[in-house]
Structure formats: structure tokens, C-alpha cells
2 protein chains.
Amino acid sequence: MFHAFPNIMTDQDQDSSARIPLSLHSVSSLKASLHQRGFRLTTQRQTILHIFQTLPQGNHLSAEDLHDRLRQQGERISLSTVYRTLHLMAQMGLLRELELAEGHKHYELNLPSPHHHLVCIQCNQTIEFANDQIFQVSYKQAQAHGYHMLDCQLTLHVICPEAMHQGWHTTLPRGWICDRAAQKSYIDQED
Amino acid sequence: MFHAFPNIMTDQDQDSSARIPLSLHSVSSLKASLHQRGFRLTTQRQTILHIFQTLPQGNHLSAEDLHDRLRQQGERISLSTVYRTLHLMAQMGLLRELELAEGHKHYELNLPSPHHHLVCIQCNQTIEFANDQIFQVSYKQAQAHGYHMLDCQLTLHVICPEAMHQGWHTTLPRGWICDRAAQKSYIDQED
DNA sequence: TTAGCTGCAAAGTATTTGCATGAAC
DNA sequence: GTTCATGCAAATACTTTGCAGCTAA
């Protein structure tokens with residue numbers, strides 16, 4: 001039985017058919033999960049959870065991004081609280097912490113079937129992909145060491161075709177940036 | 001043919017039997033590789049490459065670590081140069097950039113058969129493991145998208161047995177740190 | 001009523017950059 | 001001689017922390 005997101009399961013979720021409880025990441029399960037640990041359910045924490053719940057699959061936010069979104073919807077949550085909440089939710093296993101190429105962390109809901117990333121180290125272009133084998137291998141590895149796995153992330157550092165074409169390995173000029181550097185991210189499916 | 005470390009191959013290395021050229025990461029290949037791109041071989045760059053070459057397998061250094069080592073051996077290379085060199089060598093595919101839990105990057109030579117990491121998000125304890133499947137999957141994925149792969153890293157975020165034992169999912173007190181938090185890292189082999 | 005939480009401001013840590021001097025080619 | 005690299009110091013980016021007042025339980 002896979003237990004990648006176990007912490008907010010209730011006892012009756014523990015059978016194998018309930019691997020992905022419907023209540024996962026709901027406000028009431030957040031509340032229960034916080035209370036179990038002696039933490040409190042605040043409006044700020046609810047609001048932040050809601051942002052992640054309504055974020056399209058494949059998107060991920062930095063602390064700054066999240067703070068901006070909150071301001072846009074009229075919420076006045078301080079950046080400190082944003083950082084504290086992201087850290088807390090990551091420690092609880094609710095959020096997945098991604099280290100991509102931009103130099104700061106990104107967060108998204110820690111859902112089943114994690115996806116992985118291919119990142120061009122020249123232009124930071126990022127492509128997501130899914131692959132069940134990775135999860136299987138990871139889970140087995142964690143179990144072999146007696147650890148409880150919350151998340152697994154495979155990150156490929158690559159050179160994009162544009163950079164290769166420009167002669168990445170020989171004549172690529174300093175400071176060259178591929179045209180796609182401005183673009184954000186692409187979503188891709190399992191092969 | 002796998003091309004994870006292609007940039008400093010010479011033309012006669014291009015046959016499949018020379019997948020891992022002996023000259024890989026030598027001073028003369030560093031020189032050639034730099035010159036190809038219009039960069040220069042400086043004593044600082046040589047010295048830094050040498051540190052990585054003599055680093056035991058499985059070790060990795062942060063910019064600060066590297067700077068300290070240089071001072072210890074009497075070299076006076078500025079921290080700026082250390083950062084600039086690490087960045088340059090990572091962009092060239094010579095070094096592998098690791099994002100573990102400590103909040104700053106670590107570097108090591110980008111050798112064949114990359115290893116992966118299991119990191120406890122409670123105490124930062126890190127275990128290395130190797131697994132050839134990961135490389136195969138990654139290479140296939142990069143190729144499918146037309147990208148040139150330099151490196152792949154699988155990172156598992158886990159809860160260590162100690163934290164689980166203390167009741168991670170229910171009663172783990174704030175600020176709890178497992179006894180192993182002070183320890184550094186463990187090496188492990190492929191299963 | 002008693003912790004825990006938030007917001008603000010200040011501090012801390014990691015990394016980058018401008019510029020004058022020095023080194024590689 | 002020209003161009004690139006280094007070292008220093010200053011700047012930047014990101015994140016954490018102390019503390020007083022606020023809020024959930």
C-alpha cells in the first residue's frame with residue numbers, strides 16, 4: 001500500500017481502496033491535521049490552501065507568487081506568514097516543494113502521481129512529464145531504508161534543441177539566451 | 001549512445017566504445033573545452049577542477065565549502081570567483097548541481113552513473129543511492145523531447161524512522177529535531 | 001484564558017554585480 | 001594589445017526571526 005500522503009487520512013481511510021481519500025486537502029482535513037499536532041486553523045491558512053486547491057494542475061507558486069495572488073484577491077496576508085505557512089504545509093506533507101532552475105522554491109499540492117521536470121540549464125525552459133516507474137522505484141527505495149515517503153521528484157538537467165543548434169558544446173557565446181527563455185512552462189503527459 | 005557528458009569529448013571519442021573518455025575532466029580537456037567557447041584556462045579554474053577531481057566519490061561541496069578548502073590549501077581565490085567558476089562549470093556540464101535540504105547548492109563532478117538522494121524533511125538526513133533504471137528512463141524522456149541530457153537527479157522527500165516513531169503524523173511537537181540532525185550524510189549502494 | 005499566530009521591521013544567508021587591476025592568448 | 005577574468009566591495013534576492021498585539025480553542 002502506498003502512503004505518499006498519509007498524514008491527513010482518517011482511520012477508516014486506511015484500507016487499500018482508499019489510497020486517495022476524497023477528503024484529501026479539504027479544509028476539514030486540514031483542520032484535523034493541524035489540531036492533531038497542536039496547531040490552529042486560521043483564516044490565513046485556509047485561504048492559502050484554497051489558492052493551491054484552485055490552481056490548475058501543473059502550476060506551482062513561489063512565496064512571492066502566492067503573496068501576489070493573495071493581494072490580487074484582496075487578501076492582506078504578510079509575506080512572513082506566507083513563508084511560514086508554506087514551510088508548515090510542506091513539513092506536514094500537504095505541499096510539494098520544487099527546486100527548479102529559477103533560484104527559489106516553488107510549491108504545489110502534494111497529489112498522487114507526482115510529475116517530474118526536464119529543465120534546460122541554458123534558458124530555464126521547463127517541461128513536465130509523468131512516469132509511474134519513478135514512483136515505484138522511489139517507494140521501494142524509501143521502504144528498503146525504513147523511511148516514510150512523502151514525495152519523489154526526478155529532475156533532468158538538459159540543453160534545449162535551440163541551444164544545441166547554436167552550438168552549445170563549442171561556440172555558444174557567453175550570455176546567449178534561447179528565444180524561449182521568456183516563456184514559462186509546458187505541460188506534457190506520460191509516454 | 002549515451003551523451004550525458006559530451007562537451008569535452010574530442011572527435012575520436014565519438015565512437016560508442018568511448019562513452020566515458022579517459023580524458024574526461026582532465027586539465028587539457030578543460031582547456032580545450034574552455035577555448036572552444038572563447039573562455040580562458042586560468043590557474044583558479046584549474047585549481048578548482050583539481051579539488052573536485054580529488055574529492056571522494058559521494059562528497060559534494062557548497063560554494064562556501066569549496067572556498068574554505070581552497071584557503072586551507074593556501075590558495076587565495078575569492079568567493080566571487082568560486083561562484084562564477086561553479087556556475088560556469090555547471091553550464092558546461094562539467095559539474096552536477098545538487099539541491100538538497102540545506103538551503104544552498106552543492107556541486108560535484110558530473111560523472112557517469114549518477115546517484116540519487118533520499119532526504120528527511122524533518123532532520124535533513126541524506127542517504128545516497130544508485131539505480132540504473134532512473135538514468136534509462138531519464139535519457140529516454142529527454143530524447144523523446146529532443147533534449148540533450150546532462151544530468152538526472154531523483155530526490156525523495158521522506159520522514160525518517162525516528163520522526164515516525166515520535167509520532168510525526170499526529171503529535172510531533174513543533175521544533176522537534178531528530179537525534180541524527182547533526183550527522184552529515186550516508187552512502188548507500190544500488191539495490 | 002492560554003497558547004499559538006500574525007504583521008511589521010530588522011536581521012540573516014546565499015549569491016550576484018560593477019569596476020579597476022591583472023592575466024591569458 | 002586586446003579581451004577576458006579576478007578580487008574587492010557593494011548590492012541584491014530570498015528567507016527567517018524577535019516581538020507586540022491579535023485570535024483560535
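Throughout, protein chains are lettered first and strands after them, A, B, ... in sequence-line order, and every chain is numbered starting at 1.
Taking every side-chain heavy atom of A/Ala63 into account, D/dT15 is the closest of D/dT15, D/dA5, C/dC5.
Counting to the nearest Å, the C1' atom of D/dC14 and the CG atom of A/Leu61 are 16 Å from each other. Distance NZ (A/Lys105) to C1' (D/dC14): 10 Å, rounded to an integer number of Å. Going from atom CG of B/Asp68 over to atom P of C/dA14 covers 11 Å, rounded to whole Å.
Between A/Tyr139 and A/Phe135, the ring planes lie parallel to each other; the angle is under 30°, not in the 30° to 60° tilted range. Ring-plane geometry between B/His106 and B/His104 is classed as parallel, the angle between the planes falling under 30 degrees on a 0 to 90 degree scale with a further cut at 60. Taking the six-membered ring where the residue is Trp, B/Phe129 and B/His116 present tilted rings, their angle falling between 30° and 60°. Below 30°, between 30° and 60°, or above 60°: for B/His148 and A/Trp168 the angle between ring planes is between 30° and 60°, a tilted geometry.
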(message) Assess the residue pair B/Leu95 and B/Leu109 against the criterion (side-chain contact (heavy atoms from CB on, under 4.5 Å)); give the C-alpha distance rounded to whole Å, side-chain angles, the decisive distance to 0.1 Å, and a yes or no.
(response) CA-CA 5 Å; B/Leu95 294 180; B/Leu109 279 187; 3.9 Å; yes

(message) Let's go through B/Lys105 and B/Ser62 carefully: what are the C-alpha distance in whole Å and the side-chain angles of both, what is the deciding distance for side-chain contact (heavy atoms from CB on, under 4.5 Å) to 0.1 Å, and is it a yes or a no?
(response) CA-CA 6 Å; B/Lys105 291 170 185 160; B/Ser62 68; over 6 Å; no

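Side-chain contact between B/Met89 and B/Leu49: present, with at least one pair of heavy atoms (C-beta onward) separated by less than 4.5 Å.
Within 4.0 Å of B/Glu64, counting heavy atoms only, lies no atom of the nucleic acid at all.
Over its full length, the helix from C/dT1-D/dA25 to C/dC25-D/dG1 turns its helical axis through 50°, comparing axes from the five pairs at each end and rounding to 10°.
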(request) Going 5' to 3' through nucleotides 20-25 of chain D, assign each nucleotide B (protein heavy atom under 4.0 Å from a base atom), S (under 4.0 Å only from sugar-phosphate atoms) or - (no protein heavy atom that close). (result) ---BBS

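Heavy atoms only, all atoms of each residue included: A/Asp151 and A/Pro114 are closest at OD1-CB, 4.2 Å.
The stretch residues 71-86 of chain B touches DNA chain C through B/Ser80, B/Tyr83, B/Arg84, each having a heavy atom under 4.0 angstrom from the strand.
OP1 and OP2 of C/dA23 both lie 4.0 Å or more from every side-chain N or O belonging to B/Gln44.
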